[in-house]
Amino acid sequence: MSGAGNLEKVQRHYSESEQRFQALLESLPKVAVQGYDRDRRVIYWNSASTELYGYTADEAYGQLLEDLIIPAEMRFGVIGAHRAWMQEGIEIPAGEIELKRKGGESVSVFSHHVMLGEHTDAPLMFCVDVDLSDQKQARRDLDFITRFDSLTMLPNRSTFAAQLDECLEQAGRLGEVVAVVFADIRGFGEINDAEGYERGDRLLVEVAHRLRGCQRSSDLLSRFGGDEFVMAFPHLESDHNALPLVKKVLAAFDEPFDIGLGELHVGLKLGISLYPNNGRSAQELIQHADVAKNRAKVATGQAHWFFDKRLHDELVHEYRTVERLQRALREGELRLHYQPQVAANSGRVENLEALIRWFPSEGGSVPPSEFIPLAERSNLIYRIGDWVIHEACRQQAEWRKEGLGDCRIDINLSGKQVIQHDVFAYLETCMEQFGLTTREIGIELTENVLINADQRVLSTLRRLYHRGMKISIDDFGTGYSSLSYLKQFPITALKIDRSFVRDAPEEPSDRAIMAAMVFIGHQLGLEVIAEGVETEEQLELVREFGCDMVQGYYYFKPMSAGDIGRLQRSLQAVRGQLPQD
């Protein structure tokens, strides 16, 4: 083949290769490729470059790189880097950079550079740019989600804590006070339940707006989740400066909200902790403000509560006691003691009241007045109540096997058990399990339990009453009983509270009340039991009033099951020696 033929073949091959290369570049829709000559003027511009940067190929050809897509602050750096590559062979490293579009908007790209013919008189630089806008936006969205609440656009818990720690560091240097306020929306759960989550969310947005209105320029505000918001007020001269700010927050909620339900009045419960007296870290101050807020929630008529060390110590003690009480249930530290009820006139032991006792393994005892309220608040009362029922039934069955089951055992049922737990079904199950009848097991309820009982509970009580179960009102006279209600309850006995018995010998008003209670009880066909009888004088008085039964230290203290068993055996022996009619 002639030399001219070879040259034509090489040129044709080069032309085909160039066409294939250009076709390849154009086939990458997400990859923007530009070519620049030694003076950085555009010689190649694919369609992806047009989409990314906004310039058409005709607009771009012949234009300088730095005039098209390089931000002003990068201009001289880019020119210098290009020259260094051509003159010194120092390559431009690939990486993420911020360039600009035709309209001046910023665009994030990953840019890779290739130099062709760098050792010739006509070097060409190709830039291969991948649009990172979606990835950058995803990062920004992720950053927002991890730092802010998407509903209210407020900083979230972790962001607030970091901001608060910075405030505390500055306050420590300047000797200032910082107030942390934990806010809870009163009745928010009911609004959510009644009106739905959409309206609940609208309310949260409005609450956030009002709290923003209470902020000074340096104050912090966050939504922790649910209906919980936390604020921080730095740059206070003393603890006393916190109260006006707290009152300002409360006053912001005097006006009703409008979330499509007409006028909706919403209040807050606030807990406040103060730096440095109540803590020196964000975590500690937030926790203590939350503790104070919880105390405000249970305080009648109190919208705000300042944290104090005594309150914290009480809560820590309660928490540890509940933990110990759970262990007591697991390890069998609970016991039932029994206090006899004695016929007022004959002195005969008729019934036994089951009373729970706690004897920790490390020694000593914990009084019921300390652990029963904690059990109520922690919901351990259900497990404890079931244990009491089971143990009382088991013990009664054991005594009956020994021929000692003459005395009925009365079991106390708490309000929570009765109203929120199917305790009567469990009681009947246990009685059936141990083969007991209503003659052998009775129950005691407070009058407040009966007042608050729904129809389901009252129907169950009536069914048990008609089966012959003895149902007593305990601590009668100390609750909110109404005589108009009293006649409707399925009860068989009233237990007059010990406070009346204790003071009756010296207090005419207590004597009058006792006499009236005994009279009313008997008129309704109820047995009347006097609690807390400890002296001869008190015994004579309750006999004089006509009480049927007596319970108290005058006759017997609460005793262990073993002692009660021995008492019953001795009483049986005495009765066996008496002459028979």
Quiz item: Going by atom types only, do Thr56 and Asp58 share a side-chain donor-acceptor pair under 3.5 Å?
Solution: no

Quiz item: Does atom CD of Glu331 have more than 12 heavy-atom neighbours from other groups under 6.0 Å away?
Solution: yes

Quiz prompt | Whether Thr159 side chain and Phe148 backbone form a donor-acceptor pair below 3.5 Å | solution = no

Quiz item: Is atom CD of Glu255 surrounded by more than 12 heavy atoms (other residues, nucleotides or ligands) closer than 6.0 Å?
Solution: no

Quiz item: With a 3.5 Å cut-off and no angle check, do the side chains of Asn379 and Lys416 form a donor-acceptor pair?
Solution: yes

Practice problem: Look at the aromatic rings of Phe371 and Trp358 and report parallel, tilted or perpendicular, splitting at 30° and 60°. | Solution: perpendicular

Self-check item: Glu96 CD: over 12 foreign heavy atoms closer than 6.0 Å
Solution: yes

Quiz item: Taking atom types as modelled, is there a side-chain donor on Ser361 or Glu333 under 3.5 Å from an acceptor on the other?
Solution: yes

Self-check item: Enclosure of Arg216 CZ (heavy-atom neighbours >12, cutoff 6.0 Å)
Solution: yes

Quiz item: Above 12 or not: heavy atoms from other molecules or residues under 6.0 Å from CZ of Arg327?
Solution: yes

Quiz prompt | Arg186 to Phe253, cation-pi by 6.0 Å centre distance and 45° axis angle | solution = no

Practice problem: Take Lys293 and Glu228, measure what salt bridge (charged side-chain N to carboxylate O under 4.0 Å, His left out) needs, and give me the verdict at the end. | Solution: CA-CA 10 Å; Lys293 178 263 298 179; Glu228 294 180 338; 3.6 Å; yes

Quiz item: Could you walk me through whether Arg202 and Glu206 pass the salt bridge (charged side-chain N to carboxylate O under 4.0 Å, His left out) check?
Solution: CA-CA 6 Å; Arg202 287 178 60 184; Glu206 291 300 317; over 6 Å; no

Exercise. Keeping the roles fixed (side chain from Lys269, backbone from Lys297), state whether a donor-acceptor pair exists under 3.5 Å.
Key: no

Quiz item: Can you tell me if OH on Tyr61 sees more than 12 non-hydrogen neighbours from other groups inside 6.0 Å?
Solution: yes

